[in-house]
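Right, one structure below, let's go through it.
Residue numbers start from 1 in every chain, and the chains themselves are labelled A, B, ... in the order their sequence lines are given, proteins ahead of strands.
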Amino acid sequence: MKNNEKKIEEELNSNESRSLNFIETIIEEDIKNNKHGGRIHTRFPPEPNGYLHIGHAKSICLNFGLAEKYNGKCNLRFDDTNPTKEEEEYVNSIIEDVKWLGFDWEDRLFYASDYFDQIYEWAVKLISEGKAYVDDQPSDVISEQRRTPTRPGIESPFRNRSIEENMDLFEKMKKGEFPDGYRVLRAKIDMSSPNMHMRDPVIYRILHATHHRTGDKWCIYPMYDFTHGQSDYLEGITHSICTLEFEIHRPLYDWFLDNLIETEYRPRQYEFARLNLSYTVMSKRKLLELVEEGYVNSWDDPRMPTISGMRRRGYTPESIRNFADRVGVAKRDNVIDVGLLEFSVREHLNKITPRIFAVLNPLKIIITNYPEDQVEELELEVNPEDTSMGTRKVPFSREIYIEQDDFMQDPPKKFFRLGPGREVRLKGAYIIKCEDYKKDENGNVVELYCTYDPETKSGSGSQRKVKGTLHWVSVAHAIDAEVRLYDRLFIKEEPDVVDKEGENFKSNINTDSLKIITGKIEPGVLGVKAFDKFQFQRLGYFCVDPDSTNEKLVFNRTVTLRDSWAKVSKKK
RNA sequence: UGCCUGAUGGUGUAACUGGCAACACGUCUGAUUCUGAAUCAGAAGAGUCCAGGUUCGAACCCUGGUCGGGCAACCA
């Protein structure tokens with residue numbers, strides 16, 4: 001099974017003819033020109049203020065994948081410059097998620113806060129060169145003076161303070177002599193720049209907050225723009241890859257480096273389009289709303305596109321990595337069909353999961369000509385895709401459950417399942433024929449009476465063929481389990497597109513995204529552990545939820561099997 | 001109506017930088033099947049946002065448009 005996994009990945013990765021994405025093209029060009037001595041060093045720089053989602057997974061796979069491919073390195077760096085939003089809880093979950101995805105940063109786990117001393121020195125350097133100043137104005141005034149992108153901004157009255165005064169004030173900011181927001185340090189760049197980020201950006205602000213790593217050492221904190229490029233520089237990053245919305249920050253990224261650094265070496269920022277998934281929202285803010293307002297149960301609710309949610313849902317790291325490979329990397333906005341994600345999970349799960357019988361909507365069958373107290377232990381394959389996984393024993397007896405959907409009182413010709421007088425094979429057992437059935441007072445079918453053909457036992461060499469094969473579970477041996485059936489969280493491909501004024505993405509929530517039922521499962525399931533994965537035959541892939549106990553099994557449906565019958569029957 | 005940026009089948013990504021548009025998902029046939037799964041074989045589907053231009057030849061180059069995304073946090 002390990003070999004299978006390897007093979008899928010190899011096929012995707014080392015296919016010689018596979019074309020390069022634009023970043024790989026740049027990298028290969030850089031290597032050819034011996035830029036950075038041919039060295040490749042990337043980084044994944046999350047802010048520890050939330051849980052990672054599938055969009056981050058794309059970035060993680062990109063950054064770590066590039067390093068792997070080009071014999072380089074990739075750092076994990078927490079961009080923790082805002083103590084009011086960041087927490088250790090998130091650091092831990094991010095570390096767990098990146099590891100789970102299968103990536104290794106070795107000893108290169110960094111925090112931007114590791115560099116606060118150096119960054120402070122750099123701020124002082126800018127001040128001493130007249131390239132930064134302390135502004136006493138409140139944020140709304142500063143913002144107003146920046147004006148709009150179409151009109152040049154106005155210079156702050158404090159812009160031309162003396163270097164000495166700036167030094168003194170910045171020192172006092174650092175010492176904690178002012179309350180939050182009282183003053184800021186700004187880079188002196190260009191208030192009339194068409195790029196708003198160049199209009200004297202704030203680079204340090206006063207925040208009397210305890211930082212998750214530096215504690216109370218600081219009460220001034222550098223802004224993202226004044227931290228990221230320098231951190232890249234300090235870590236020897238060659239290719240600093242981020243999403244498109246930072247494109248407009250690049251001139252600033254370069255400005256700081258050019259004004260701070262004497263050496264020739266420069267990291268360079270490249271931007272790619274973030275991942276969007278159909279029927280999904282991806283922003284941290286929106287995901288947070290779903291959690292806080294109870295639309296889902298938690299950050300790792302299996303309906304969430306978070307890494308932890310997907311893990312709990314039963315996705316494998318391999319399937320996510322393969323998905324990330326397939327979506328590609330480019331600069332244009334995109335919406336990936338969730339179907340592609342589902343394809344990637346099925347592809348992997350098909351190869352690795354044990355098959356098992358589970359009946360989710362039971363309909364009882366009595367096999368009238370089968371001996372009352374006879375039980376046969378039938379031998380079935382664990383995984384037809386991988387015979388090395390061996391066989392399992394499944395008990396068969398006179399009373400069994402089948403799926404309600406597998407019987408129709410008045411079936412159409414193309415229905416290859418059970419109906420009055422029709423025959424099917426019970427997988428791994430016998431061919432049975434439906435002789436009669438019983439209805440309750442509401443007209444619902446509650447019991448089937450069938451006969452079996454003892455000559456047709458599986459493996460006996462019987463030549464009789466029937467079109468349909470059903471899964472089943474022996475009534476006397478069935479184990480009850482809670483089964484959580486998940487569906488997409490939104491009813492619209494693009495949840496942000498709303499019909500009426502005043503609506504938002506939450507108007508498009510699928511109110512039926514979770515159905516909890518009790519299923520009947522073959523006794524072989526006893527003893528399963530959290531995150532164990534199975535294919536419930538003919539139904540889909542399921543995974544043991546951490547809520548599961550020995551007394552009460554709980555399964556999550558990861559994804560259904562492809563169902564071409566559903567398509568056919570829907571058309572009619 | 002400023003600046004940055006993008007536009008290729010239904011979706012996503014390619015096209016050796018000028019040589020008759022490919023791959024994956026999806027869709028549709030058919031074969032096979034003790035999972036209506038998987039597998040296998042095949043098909044349909046874009047002429048590359050528009051209009052000009054350069055060229056023997058343009059998705060790739062030039063000019064001008066159109067449409068989409070981003071940017072005005074003491075967030076990242």
Side-chain angles (χ1 to χ4, degrees), chain A residues 12 15 17-21 25 45-47 49 79-82 84-86 135 138-139 142-144 146-153 180-186 193-199 201-207 221 223-225 227-228 242 244-251 271 273 278 284 325-337 339-344 346-347 350-351 355 357 380-381 384-385 414-417 424-429 431 456 458-459 465-471 493 535-540 560-569:
Chain A
L12 275 159
N15 191 341
S17 62
R18 190 158 172 262
S19 51
L20 306 175
N21 65 48
T25 306
E47 183 190 10
N49 71 341
D79 225 327
D80 55 352
T81 58
N82 188 349
T84 64
K85 293 192 175 170
E86 296 146 7
D135 198 332
S139 65
I142 292 178
S143 161
E144 228 166 84
R146 253 199 284 262
R147 305 224 273 198
T148 60
T150 49
R151 299 162 66 214
D180 284 3
Y182 200 70
R183 285 185 228 263
V184 291
L185 183 67
R186 292 226 261 168
S193 170
N195 181 342
M196 298 297 288
H197 296 278
M198 300 298 272
R199 321 250 260 225
V202 171
I203 59 177
Y204 259 96
R205 75 294 213 182
I206 300 171
L207 247 29
Y221 292 92
M223 302 289 290
Y224 164 84
D225 285 308
T227 306
H228 204 92
C242 62
L244 247 28
E245 68 270 26
F246 290 98
E247 206 156 24
I248 199 144
H249 292 244
R250 197 177 12 169
E271 309 86 9
S278 61
K284 278 184 197 169
D325 265 320
R326 278 192 259 253
V327 301
V329 179
K331 296 196 73 154
R332 79 183 84 130
D333 295 325
N334 60 80
V335 181
I336 308 287
D337 190 339
L340 187 63
L341 218 208
E342 294 174 349
F343 168 82
S344 298
R346 288 193 188 106
E347 175 192 51
N350 177 44
K351 298 204 161 82
R355 311 291 128 123
F357 286 160
L380 279 98
E381 280 178 304
E385 301 286 322
K414 284 282 185 80
F415 187 78
F416 306 139
R417 306 178 189 181
V424 293
R425 170 168 290 283
L426 293 176
K427 188 172 173 65
I431 292 175
T456 58
S458 293
K465 298 254 186 240
V466 284
K467 190 71 186 164
T469 302
L470 308 186
H471 64 281
E493 260 187 70
Q535 185 196 91
F536 286 2
Q537 221 146 29
R538 298 212 307 137
L539 298 174
T560 61
L561 252 30
R562 280 189 66 200
D563 188 354
S564 46
W565 167 246
K567 255 177 273 175
V568 174
S569 56

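- For B:G36, the base is stacked against the aromatic ring of A:W565, per a cut-off of 5.5 Å between centres and 30° between planes.
- Base orientation at B:U39 is anti, since its O4'-C1' glycosidic dihedral falls outside 90° of 0.
- Taking side-chain N and O atoms only, A:R425 has no distance below 4.0 Å to OP1 or OP2 of B:U33.
- As rounded to the nearest Å, B:G30 and B:A44 have P atoms that lie 16 Å from one another.
- Syn is the conformation of B:G47, whose glycosidic angle sits no further than 90° from 0.
- In this entry B:G64 has B:C50 as its Watson-Crick or G-U wobble partner, both defining distances falling under 3.5 Å.
- For B:C75, one of the phosphate oxygens OP1 or OP2 lies less than 4.0 angstrom from a side-chain nitrogen or oxygen of A:R205.
- Contact annotation: A:K331 side-chain N/O to B:C4 OP1/OP2 distance is not under 4.0 Å.
- A salt bridge does not link A:K85 to A:E47: none of the charged nitrogens lies less than 4.0 Å from a carboxylate oxygen.
- Closest to the A:E245 side chain, of the nucleotides B:U11, B:A38, B:G70, is B:G70.
- No more than 12 heavy-atom neighbours from other residues, nucleotides or ligands sit within 6.0 angstrom of CD on A:E144.
- As judged by a 4.0 angstrom heavy-atom cut-off over every strand, A:G459 is placed among the base-contacting residues.
- In this structure, A:S344 and A:R326 have side chains that are in contact, with non-hydrogen atoms separated by less than 4.5 Å.
- Spacing of C1' atoms, B:A51 relative to B:A14, comes out at 27 Å, to the nearest Å.
- Between the NE2 atom of A:H471 and the P atom of B:U35 there is a distance of 13 Å, given to the nearest Å.
- Of all nucleotides present, none satisfies the Watson-Crick or G-U wobble test against B:U35 with each distance under 3.5 Å.
- Heavy atoms of A:R146 sit under 4.0 angstrom from primed sugar atoms or phosphate atoms, though from no base atom.
- Note on A:S564: only backbone sugar-phosphate atoms sit closer than 4.0 angstrom, heavy atoms only; bases stay farther off.
- With a cut-off of 3.5 Å on both Watson-Crick or G-U wobble distances, the partner of B:G2 is given as B:C71.
- A distance-only check finds a donor-acceptor pair linking the side chain of A:R199 to the backbone of A:S193 [under 3.5 Å].
- In plain terms, the two heavy atoms of A:R538 and A:L470 that are nearest each other are NH2-CD2, 3.4 Å.
- Put simply, the side chain of A:R146 never gets that close to the backbone of A:G153: no donor and acceptor are under 3.5 Å apart.
- The base of B:U8 is paired with the side chain of A:R332 by a donor and an acceptor separated by under 3.5 Å.
- Nearest to the side chain of A:Q535, among B:U35, B:C74, B:G2, sits B:U35.
- Using a 4.0 Å cut-off, some side-chain N or O of A:S143 falls inside it from OP1 or OP2 of B:A73.
- A 3.5 Å limit on both hydrogen-bonding distances identifies no Watson-Crick or G-U partner for B:A58.
- Annotation: B:A38 and B:U33 have their C1' atoms spaced 9 Å apart (nearest Å).
- For A:T150 and B:A72, the shortest distance from a side-chain N or O to OP1 or OP2 is not below 4.0 Å.
- If you check distances only, the side chain of A:H249 does reach the base of B:A76 with a donor-acceptor pair under 3.5 Å.
- Taking side-chain N and O atoms only, A:R562 has a distance below 4.0 Å to OP1 or OP2 of B:A38.
- For the pair A:R250 and A:Y182, nearest-nucleotide mapping onto RNA chain B gives the more 5' position to A:R250.
- In this entry B:G42 has B:C28 as its Watson-Crick or G-U wobble partner, both defining distances falling under 3.5 Å.
- Atom CZ in A:R326 sits about 21 Å away from atom P in B:A22, given to the nearest Å.
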